[in-house]
Amino acid sequence: MNRSGYCNEIREGHIGQRVTVCGWVNRRRDHGGVIFIDLRDRSGMVQAVFSPERQPEVHRQAHELRSEYVVRLVGEVARRPQETENPKLPTGMIEIHVDSLEVLNVAQFLPFQLDEEGVGESTRLQHRFLDLRRPEMQHNLQFRHRVTQTVRRTLDEAGFLEIETPMLTRSTPEGARDYLVPSRVNPGQFYALPQSPQLFKQLLMIGGYDRYFQVARCFRDEDLRADRQPEFTQIDLEMSFVVADDVMAVAEQVMGKIFEEALKQSLPLPLPRLTYNEAISRYGLDAPDLRIPLELTDLTAVMRHTGFKVFAQAANQSGNRGGRGLVKALRVPGGAQMTRKQIDDYTEFVAIYGAKGLAWIKLNGPWQEEGWQSPIVKFFSPEEKEAIVAATGAQTGDILFFGADRASIVNESLGRLRVKIGRELNLLNGTPFSFVWVTDFPLLDWDNEARRHVAVHHPFTAPVLADLQRLDNTAMAEESHLDEVRSQAYDLVLNGTEIGGGSIRIHDPALQQKMLALLGIEAAEAEEKFGFLLRALEFGAPPHGGLAFGLDRLVAILLGVDSIRDVIAFPKTQKAGCVLTQAPSSVDPLQLRELHLRSTYQPKG
RNA sequence: GGGGGUGUAGUUCAGUCGGUUAGAACGCCGGCCUGUCAAGCCGGAGGUCGCGGGUUCGAGCCCCGUCGCUCCCGCCA
């Protein structure tokens, strides 16, 4: 045996026993006489004591120890002397009196101190192997492990089979940009890395596996964010002979177990639900953070005839779902105390989302006595003021922010402002974790640049049956009809972030073909790109549906860390590079020749 | 593709109005020290101020360019 156990397992019950422990020297405290070291491994730390009286030779050796040396030591567990216990450590009641010390490896002095806070991420990533030793990263990755193991066990017990799907697959239209892999044996042809196992899991349902899951790596070659990496992990699952409620119930069961086993908390089920329309109407976003007790109020009807042109124009503008005009208000209780600077900052903030301005009214007193402070209040009639008060429930001391523009701009800008204000003013209420299902997403969205419809979820999502006829009588034009078609898609939102999503899929080949046609994919192209799926649907495809969780995001939120890079062992930078391995890199010209490739890239200068 | 932030010792940062030899803390190295746990005390070493150019008598500081990292918009079914 190399060691008798982990550092952090030693307790008072071991007093008097001989132990052998291995680990890293976290810190040495050399008193000239007695020397202490904190020995650290993945479990935690234990104090080892070298005294000249006990083992003079070993004590001399201990002088040479430095931070992050790897050692094995043998000694006797002893109760610490009175008044020297350390309540900050779980092992703080005891220490190891060392009888022999073996230096398994030395370490150069460190590029950064492992116990220092606020070390730059770039430094940490360059020496990730050191960063990973830090207790915080140890905790994050061990927690992540707990979550994935819980998922595996829970789904296994619910009858799901874990099945792997190809990483080298074919590129399909729609969705994100693919990562491509050139084929050596098929000159000029390319594999794509999967954006998700979507089509394969549907084929597994058609193959009769009934309940499938996978901890799947997915790849998307798009620009990065704090919660987006070029490769990321999904908990992917699919079920046959189900309706949306069945899939959501399984997802809730998994989430409940994660809370129980990884967080040691209970999660009240079932989770609350909102329809997409309700979410947009009340919160402006399809991933609302329900911890924030603010809502948007629709004032469009009230503002149709107002003397304030900006509002009147928006209120009377017609269009389809996101394009019609809208006037909405966000009421912030107590917000009348905001400074001009704050309001200017918020105005700048909403501009990011296309808002041309941010109208506001401070209610310093009752409206009848002109106690309103605002650049726009002079345009409103007494009736309009009364209607604003009635609709928003505004009270003295509040501030109202207004958005008037296309619906998509008003909802997004006020929706984001709601979140920003809620977090900045510390209005978050209730539990630290707030879940909500968002259901009944629209099936299609109009892409103004491409001049065609695109799938809101993906092209295999089934419409709500009651809306099916709208697809028929509007095969070509009549966009507005198509805008009203709902899909059987659902997202799970946690604290304002989408952490999972899925849908009931189309299992009828005719409907699938019609769907592809609506997306502007010609029959020939559909056959070429999706023929394997269309054919499979013709051979007894069961009704099926599923869902995928973004594991990185989920773990990050549960741990309360800001970036998913802190829950990934070897993440990439914003330019999709790895500072540790220097990937991506140029390759030997011979490799390119074998792949029948030549780069057209011309370095600048 | 666009907007914001940032880059000074190994690390985290300070650096005034453009002005003498660029500082601090921690770390590192050496010495002292027998109950510390962010050990303590004394001493020491350590800088291409991201890189390139410009303005100036003089640039860490101003200007232009460029690179890295980061946050956001677009994009990401």
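The chains referred to below are lettered A, B, ... by the order of the sequence lines, with proteins before strands, and numbering in each begins at 1. For the numbers below, each heavy atom of this structure counts, side chains included, while hydrogens, waters and symmetry mates do not.
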*Asks:* Using only heavy-atom distances, decide whether a donor-acceptor pair under 3.5 angstrom links the side-chain of R124(A) to the base of C69(B).
*Replies:* no
*Asks:* Backbone N or O of M93(A) within a donor-acceptor pair of the R80(A) side chain at under 3.5 Å?
*Replies:* no
*Asks:* Looking at F349(A), I'd like to know if the NZ or CZ of K420(A) sits under 6.0 Å from its six-membered ring centre while staying within 45 degrees of the ring's axis.
*Replies:* yes
*Asks:* So what's G23(B) paired with, Watson-Crick or G-U wobble, going by both distances under 3.5 Å?
*Replies:*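 G23(B) is paired, partner C13(B).
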*Asks:* Quote, to the nearest angstrom, the P distance that separates G15(B) from G54(B).
*Replies:* 29 Å
*Asks:* When all nucleic acid strands are considered with a 4.0 Å heavy-atom cut-off, which category describes S563(A): base, sugar-phosphate, or nothing?
*Replies:*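 Result for S563(A) = nothing.
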*Asks:* With heavy atoms under 4.0 Å as the rule, sort G120(A) into base, sugar-phosphate or nothing.
*Replies:* sugar-phosphate
*Asks:* Look at the side chain of E95(A) against the base of G35(B) and say whether a donor-acceptor pair falls under 3.5 Å; ignore hydrogens and angles.
*Replies:* yes
*Asks:* Please report the distance separating the C1' of G35(B) from the corresponding atom of C71(B), rounded so that it comes out in whole Å.
*Replies:*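 It works out to 48 Å between them.
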*Asks:* Can we say D227(A) and R225(A) salt-bridge, meaning some charged N sits less than 4.0 Å from an Asp/Glu carboxylate O?
*Replies:* no
*Asks:* Could you tell me how far U11(B) sits from G53(B) if I compare only their C1' atoms? Round to whole Å.
*Replies:* 31 Å
*Asks:* From the set C73(B), G27(B), C37(B), return the single nucleotide nearest to any side-chain atom of Q113(A).
*Replies:*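 Of the options given, the side chain of Q113(A) lies nearest G27(B).
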*Asks:* Mind calculating the distance between CG (L114(A)) and P (G10(B)) to the nearest angstrom?
*Replies:*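 The answer, rounded to whole Å, is 18 Å.
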*Asks:* Could one point to a donor on the side chain of Q47(A) or the base of U36(B) with an acceptor on the other under 3.5 Å away?
*Replies:*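 For Q47(A), whose side chain was compared with the base of U36(B), there is a donor-acceptor pair (under 3.5 Å).
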*Asks:* Using a cut-off of less than 4.0 Å, is there contact between a side-chain N or O of R228(A) and OP1 or OP2 of C72(B)?
*Replies:*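 Answer is no, no contact under 4.0 Å.
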*Asks:* According to a cutoff of under 5.5 Å between the ring centres and under 30° between the ring planes, does H31(A) stack with the base of A39(B)?
*Replies:*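 Base of A39(B): stacked against H31(A).
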*Asks:* Distance between the P atoms of G5(B) and G10(B), in whole angstroms?
*Replies:* 27 Å
*Asks:* Using atom C1' in both nucleotides, what's the gap between G60(B) and G31(B) to the nearest angstrom?
*Replies:* 36 Å
*Asks:* I want to verify a distance call: between U70(B), G35(B), U11(B), whose nearest atom is closest to the H97(A) side chain?
*Replies:* G35(B)
*Asks:* Describe the nucleic acid contact of P111(A) in one word from base, sugar-phosphate, nothing, applying a heavy-atom distance below 4.0 Å.
*Replies:*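 Sugar-phosphate, backbone atoms only, no base.
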*Asks:* Could you tell me which nucleotide pairs with C41(B) by Watson-Crick or G-U wobble geometry, both distances under 3.5 Å, or answer none if nothing does?
*Replies:* G31(B)
*Asks:* Could you work out the separation of C13(B) and G4(B) based on their C1' atoms and round it to a whole Å?
*Replies:*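 Straight-line distance between the two C1' atoms is 22 Å.
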*Asks:* Counting only distance, no hydrogens or angles, is the base of U12(B) paired donor-acceptor with the side chain of E117(A) under 3.5 Å?
*Replies:*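 Looking at the base of U12(B), it does not pair with any donor or acceptor on the side chain of E117(A) (distance under 3.5 Å).
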*Asks:* Ignoring hydrogens and angles, are the base of G35(B) and the side chain of E83(A) linked by a donor-acceptor pair under 3.5 Å?
*Replies:* no
*Asks:* Roughly, in whole Å, what's the span from CZ in R28(A) to P in G40(B)?
*Replies:*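 One finds 14 Å between P of G40(B) and CZ of R28(A), rounded.
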*Asks:* For the backbone of R60(A) and the side chain of H63(A), can you confirm whether one donor and one acceptor N or O come within less than 3.5 Å of each other?
*Replies:* no
*Asks:* Base, sugar-phosphate, or nothing for Y353(A), non-hydrogen atoms under 4.0 angstrom?
*Replies:* sugar-phosphate
*Asks:* Taking the P atom of each, how far is C26(B) from C42(B), in whole Å?
*Replies:* 11 Å
*Asks:* Less than 4.0 angstrom between a side-chain N/O of T573(A) and OP1 or OP2 of C69(B), yes or no?
*Replies:*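 Checking T573(A) against C69(B): at least one side-chain N or O falls below 4.0 Å of OP1 or OP2.
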*Asks:* For L125(A) and G68(B), give me the distance from atom CG to atom P, rounded to whole Å.
*Replies:*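 Rounded to the whole Å, the gap is 16 Å.
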*Asks:* Toward the 5' end of RNA chain B, which comes first, E53(A) or T123(A), by nearest nucleotide?
*Replies:* T123(A)
*Asks:* Atom CD of E95(A) and atom CG of D38(A): how far apart are they, to the nearest 0.5 Å?
*Replies:* 11.0 Å
*Asks:* Please assess R134(A) against E116(A) for the test salt bridge (Lys or Arg N to Asp or Glu O under 4.0 Å), listing each intermediate value before the final yes or no.
*Replies:* CA-CA 10 Å; R134(A) 292 168 48 241; E116(A) 184 167 332; over 6 Å; no
*Asks:* Contact class for V454(A) (heavy atom, under 4.0 Å): base, sugar-phosphate, or nothing?
*Replies:* nothing
*Asks:* Can you measure D115(A) atom CG to A39(B) atom C1' for me and round it to whole angstrom units?
*Replies:*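 Atom-to-atom, D115(A) to A39(B), this comes out as 14 Å.
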*Asks:* Does OP1 or OP2 of A39(B) have a side-chain N or O of R29(A) closer than 4.0 Å?
*Replies:*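 Looking at the OP1 and OP2 atoms of A39(B), one of them is under 4.0 Å from a side-chain N or O of R29(A).
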*Asks:* Using a 4.0 Å heavy-atom cut-off across all strands, classify R565(A) as base, sugar-phosphate, or nothing.
*Replies:*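 R565(A): backbone/sugar contact only, no base atoms under 4.0 Å.
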*Asks:* Mind checking the CD1-CG spacing from I564(A) to N140(A)? Nearest 0.5 Å is all I need.
*Replies:* 12.5 Å
*Asks:* Whether the side chain of R66(A) and the base of G27(B) hold a donor-acceptor pair under 3.5 Å is what I'd like checked.
*Replies:* no
*Asks:* Considering every strand and a 4.0 Å limit on heavy-atom distances, what is the contact class for Q108(A): base, sugar-phosphate, or nothing?
*Replies:* nothing
*Asks:* Do any side-chain nitrogens or oxygens of K575(A) fall under 4.0 Å of OP1 or OP2 in C69(B)?
*Replies:*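 Checking K575(A) against C69(B): no side-chain N or O falls below 4.0 Å of OP1 or OP2.
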*Asks:* In whole angstrom, give the distance that lies between atom CG of L580(A) and atom C1' of C69(B).
*Replies:* 16 Å
*Asks:* Mind running side-chain contact (heavy atoms from CB on, under 4.5 Å) on Y276(A) and T439(A) for me, showing each step along the way?
*Replies:* CA-CA 6 Å; Y276(A) 171 88; T439(A) 65; over 6 Å; no
*Asks:* Could you work out which one of C37(B), G10(B), G74(B) sits closest to the side chain of N86(A)?
*Replies:*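 Output: C37(B).
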*Asks:* Determine whether a donor-acceptor pair (one donor, one acceptor, N or O, separation below 3.5 Å) exists between the side chain of R27(A) and the base of C37(B).
*Replies:*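 No.
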*Asks:* Just how far, in rounded Å, is P of C75(B) from CD of Q574(A)?
*Replies:* 17 Å
*Asks:* Check the distance between G35(B)'s P and H59(A)'s NE2 and give it to me in whole angstrom.
*Replies:* 12 Å
*Asks:* Is F109(A) stacked on the base of C28(B), meaning ring centres closer than 5.5 Å and planes within 30 degrees of each other?
*Replies:*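 So F109(A) does not count as stacking on the base.
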*Asks:* Atom CD of Q234(A) to atom P of C76(B): distance rounded to whole Å?
*Replies:*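 Between P of C76(B) and CD of Q234(A): 16 Å.
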*Asks:* State, to 0.1 Å, how close N495(A) and D289(A) come at their nearest heavy-atom pair, and which atoms those are.
*Replies:* O-OD2, 3.4 Å
*Asks:* What's D445(A) touching, base or sugar-phosphate or nothing? Going by heavy atoms closer than 4.0 Å.
*Replies:*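 No contact.
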*Asks:* Would you state whether a donor and an acceptor, one from the side chain of R80(A) and one from the base of U36(B), lie under 3.5 Å apart?
*Replies:*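 Pair found.
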*Asks:* Identify the nucleotide, in any strand shown, that forms a Watson-Crick or G-U wobble pair with C69(B), with both distances under 3.5 Å; if there is none, say none.
*Replies:*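 C69(B) is paired with G5(B).
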*Asks:* Write down the distance separating the C1' atoms in G58(B) and U20(B), rounded off to the nearest Å.
*Replies:* 11 Å
*Asks:* Can you tell me the pairing partner of C62(B) across any strand shown, Watson-Crick or G-U wobble, with both distances under 3.5 angstrom?
*Replies:*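 The base-pairing partner of C62(B), which may sit in any strand shown, is G54(B).
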*Asks:* Choose from C69(B), G35(B), C73(B) the nucleotide whose nearest atom is closest to any side-chain atom of R416(A).
*Replies:*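 Between C69(B), G35(B), C73(B), the one nearest the side chain of R416(A) would be C73(B).
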